[in-house]
Visitor: 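I'd like to ask some things about the structure below.
So you know, we letter chains A, B, ... as the sequences are listed, proteins then strands, and number each from 1. Treat the numbers as computed from the prediction; the structure is a model and nothing was measured.
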Number of protein chains: 2
Amino acid sequence: MVQYVSPPLDLSFAALADATRRGIIDQLGRGEASITSLAERFQMTLTGVKKHVQVLERAGLVVTQKVGRVRTCKLGARGLAAEAEWIEARRKLFEARFDALDEIISEMKQEQGNGSAD
Amino acid sequence: MVQYVSPPLDLSFAALADATRRGIIDQLGRGEASITSLAERFQMTLTGVKKHVQVLERAGLVVTQKVGRVRTCKLGARGLAAEAEWIEARRKLFEARFDALDEIISEMKQEQGNGSAD
DNA sequence: TAATTACTGAACCATATGGTTCAGTATGTA
DNA sequence: TACATACTGAACCATATGGTTCAGTAATTA
């Protein structure tokens with residue numbers, strides 16, 4: 001069976017923690033792109049884009065290939081399965097804590113009634 | 001209608017990009033905990049734990065409350081809905097790119113056949 | 001061959017991160 | 001009142017991040 005060992009979640013979550021990189025993912029979702037085209041799209045130097053792409057690559061979210069003088073970037077095959085899995089499993093934990101509406105309401109009060117030393 | 005405006009994804013994904021913080025979330029999934037108990041559990045100074053908890057708090061993933069001299073931490077009410085939503089939407093993009101097995105195989109070859117200037 | 005294009009790498013900068021220690025402050029207990 | 005507990009904040013440290021500029025190299029094109 002073909003198995004993808006995803007790079008540790010540290011890398012992928014860190015990669016997703018930047019709006020430009022999330023934008024690059026969205027862009028690649030519409031089709032492959034060169035470093036230059038991404039640089040134009042995101043108003044950034046080639047070097048800047050290259051670094052972002054490298055972060056995405058280390059996280060396994062993007063693959064690149066250089067043909068001639070052009071490096072083409074596309075979404076990686078491993079996808080976001082591992083991240084989705086981690087999050088879904090924890091969502092259950094969160095929900096379990098909040099099956100009663102009371103908790104939510106008391107939290108809201110807490111957030112409103114400020115001036116506390118909290 | 002009660003609406004939670006989640007702090008930007010930047011904050012929550014960054015918060016999730018650290019194994020200790022993911023561990024704290026798991027721990028709080030089993031019940032509330034004080035700073036001291038988390039520090040014991042994760043073999044870290046109180047100050048260190050406090051910082052991690054603050055990162056989780058800024059991301060809205062954890063709420064804390066100080067009663068007496070003890071600060072109690074628990075999972076935040078907003079949960080991981082926004083993150084799950086972002087990821088699920090992108091999974092479709094990734095899958096759309098890889099509905100053919102060919103692509104996966106060609107990537108695997110690429111990863112194996114190294115020594116290229118890639 | 002010369003000029004242009006596309007990328008790359010090193011160096012730099014300011015700021016953030018993940019951790020520590022140390023010196024408090026506030027609370028609870030004997 | 002004295003001591004212990006639980007946290008807090010400032011200061012420090014090494015390393016990472018997000019960006020830049022500048023000086024290349026390699027591939028096309030004229």
Side-chain angles (χ1 to χ4, degrees), chain A residues 7-25 27-28 31-74 110 114-118, chain B residues 7-25 27-28 31-59 61-74 114-118:
Chain A
L9 290 176
D10 286 45
L11 288 183
S12 46
F13 280 133
L16 296 180
D18 179 276
T20 301
R21 284 193 296 264
R22 290 195 303 276
I24 291 176
I25 289 179
Q27 187 61 36
L28 297 183
E32 305 185 347
S34 66
I35 301 287
T36 298
S37 68
L38 291 173
E40 279 162 10
R41 182 84 170 53
F42 294 97
Q43 298 260 99
M44 196 175 289
T45 57
L46 289 176
T47 313
V49 169
K50 225 239 159 179
K51 282 187 174 186
H52 280 305
V53 168
Q54 274 172 344
V55 171
L56 289 164
E57 237 182 325
R58 263 184 265 125
L61 298 172
V62 161
V63 231
T64 74
Q65 197 189 3
K66 193 164 184 178
V67 174
R69 60 187 170 181
V70 179
R71 179 172 297 277
T72 302
C73 312
K74 61 178 178 179
Q110 215 177 289
N114 270 334
S116 73
D118 204 67
Chain B
L9 290 176
D10 288 45
L11 288 182
S12 46
F13 281 133
L16 296 179
D18 180 276
T20 301
R21 284 192 295 263
R22 290 195 302 277
I24 290 176
I25 288 179
Q27 188 60 35
L28 297 183
E32 305 184 346
S34 67
I35 302 286
T36 298
S37 69
L38 291 172
E40 279 161 10
R41 181 83 171 54
F42 295 97
Q43 298 260 98
M44 194 175 292
T45 58
L46 290 176
T47 313
V49 168
K50 224 240 159 179
K51 282 187 173 186
H52 280 305
V53 168
Q54 274 171 343
V55 171
L56 290 164
E57 237 181 327
R58 265 184 265 125
L61 298 171
V62 161
V63 233
T64 74
Q65 198 189 3
K66 193 163 182 178
V67 173
R69 58 187 170 180
V70 179
R71 179 172 297 276
T72 302
C73 312
K74 61 178 178 178
N114 271 334
S116 72
D118 204 69

Visitor: Return the value, rounded to whole Å, for the distance between atom CG of B:Leu11 and atom P of D:dT17.
Guide: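 After rounding, the reported distance stands at 17 Å.
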
Visitor: Looking at C:dG18, I'd like to know if its phosphate oxygens (OP1 or OP2) sit under 4.0 Å from a side-chain N or O belonging to B:Arg21.
Guide: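 For C:dG18, OP1/OP2 do have a side-chain N/O of B:Arg21 under 4.0 Å.
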
Visitor: Whole angstrom is fine here: how far is it from CG in B:Leu16 over to P in C:dT17?
Guide: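 These atoms are roughly 14 Å apart.
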
Visitor: Roughly how many Å is it from CG in B:Leu46 to C1' in D:dA10, rounded to a whole number?
Guide: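 Atom-to-atom, B:Leu46 to D:dA10, this comes out as 16 Å.
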
Visitor: Reckon A:Gly48 touches a base, only the sugar-phosphate, or nothing at all at heavy-atom distances under 4.0 Å?
Guide: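 Contact class for A:Gly48: base.
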
Visitor: Under 4.0 Å between a side-chain N or O of B:Lys51 and OP1 or OP2 of C:dT17?
Guide: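 False: B:Lys51 side-chain N/O out of range (4.0 Å or more) of C:dT17 OP1/OP2.
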
Visitor: How about A:Lys74 and A:Leu28: do any of their side-chain heavy atoms sit closer than 4.5 Å?
Guide: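 SC-SC contact between A:Lys74 and A:Leu28 ruled out.
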
Visitor: I'd like to know whether A:Ile24 forms a side chain to side chain contact (heavy atoms under 4.5 Å, CB included) with A:Leu38, so could you lay out the CA-CA distance, the side-chain angles of the two residues, the decisive distance to 0.1 Å, and finally the verdict.
Guide: CA-CA 7 Å; A:Ile24 291 176; A:Leu38 291 173; 4.2 Å; yes

Visitor: Going by modelled atom types, is there a donor-acceptor pair between the base of D:dA6 and the side chain of B:Arg69 at under 3.5 Å?
Guide: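 For B:Arg69, whose side chain was compared with the base of D:dA6, there is no donor-acceptor pair (under 3.5 Å).
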
Visitor: Expressed as a whole number of angstroms, how long is the span from B:Lys50:NZ to C:dT21:P?
Guide: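 Interatomic distance, NZ of B:Lys50 to P of C:dT21: 18 Å.
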
Visitor: In whole Å, I'd like the distance from the CZ atom of A:Arg71 to the P atom of D:dT25.
Guide: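 So the two atoms are 18 Å apart, to the nearest Å.
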
Visitor: Less than 4.0 angstrom between a side-chain N/O of A:Lys66 and OP1 or OP2 of C:dT8, yes or no?
Guide: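 A:Lys66 to C:dT8 OP1/OP2: side-chain N or O found under 4.0 Å.
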
Visitor: Evaluate B:Arg22 against A:Phe13 for side chain to side chain contact (heavy atoms under 4.5 Å, CB included), listing each step before the verdict.
Guide: CA-CA 11 Å; B:Arg22 290 195 302 277; A:Phe13 280 133; 4.2 Å; yes

Visitor: Rounding to an integer number of Å, can you tell me how far A:Asp10 CG sits from D:dT15 C1'?
Guide: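 Distance check: A:Asp10 CG to D:dT15 C1' gives 15 Å.
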
Visitor: Does a side-chain N or O of B:His52 approach OP1 or OP2 of C:dT17 to a distance below 4.0 Å, or not?
Guide: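 Looking at the OP1 and OP2 atoms of C:dT17, neither is under 4.0 Å from any side-chain N or O of B:His52.
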
Visitor: Assuming nearest nucleotide by heavy-atom distance, tell me which of A:Gly68 and A:Asp18 is located more 5' along DNA chain D.
Guide: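 The residue mapped nearer the 5' terminus is A:Asp18.
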
Visitor: At less than 3.5 Å, do the side-chain atoms of A:Thr47 and the base atoms of D:dG19 form a donor-acceptor pair?
Guide: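 Checked by distance alone, the answer is no.
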
Visitor: Passes side chain to side chain contact (heavy atoms under 4.5 Å, CB included), B:Ile35 versus B:Thr64? Steps please.
Guide: CA-CA 10 Å; B:Ile35 302 286; B:Thr64 74; 6.0 Å; no

Visitor: Going through the distances and angles, do B:Val67 and B:Thr72 end up as a side chain to side chain contact (heavy atoms under 4.5 Å, CB included)?
Guide: CA-CA 8 Å; B:Val67 173; B:Thr72 302; 5.8 Å; no

Visitor: Starting from C1' on C:dT17, measure out to CD on B:Gln54 and report it in whole angstrom.
Guide: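 In whole Å, C:dT17 C1' and B:Gln54 CD are 13 Å from each other.
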
Visitor: Return whichever of B:Thr72 or A:Val49 has its heavy-atom-nearest nucleotide of DNA chain D closer to the 5' end.
Guide: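 Its nearest nucleotide being more 5', the pick is B:Thr72.
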
Visitor: In whole Å, I'd like the distance from the CD1 atom of B:Ile35 to the C1' atom of D:dT8.
Guide: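 Distance check: B:Ile35 CD1 to D:dT8 C1' gives 10 Å.
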
Visitor: Side chain of B:Thr45: nearest nucleotide among C:dT20, D:dG9, C:dG9?
Guide: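 Closest of the options to the side chain of B:Thr45: C:dT20.
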
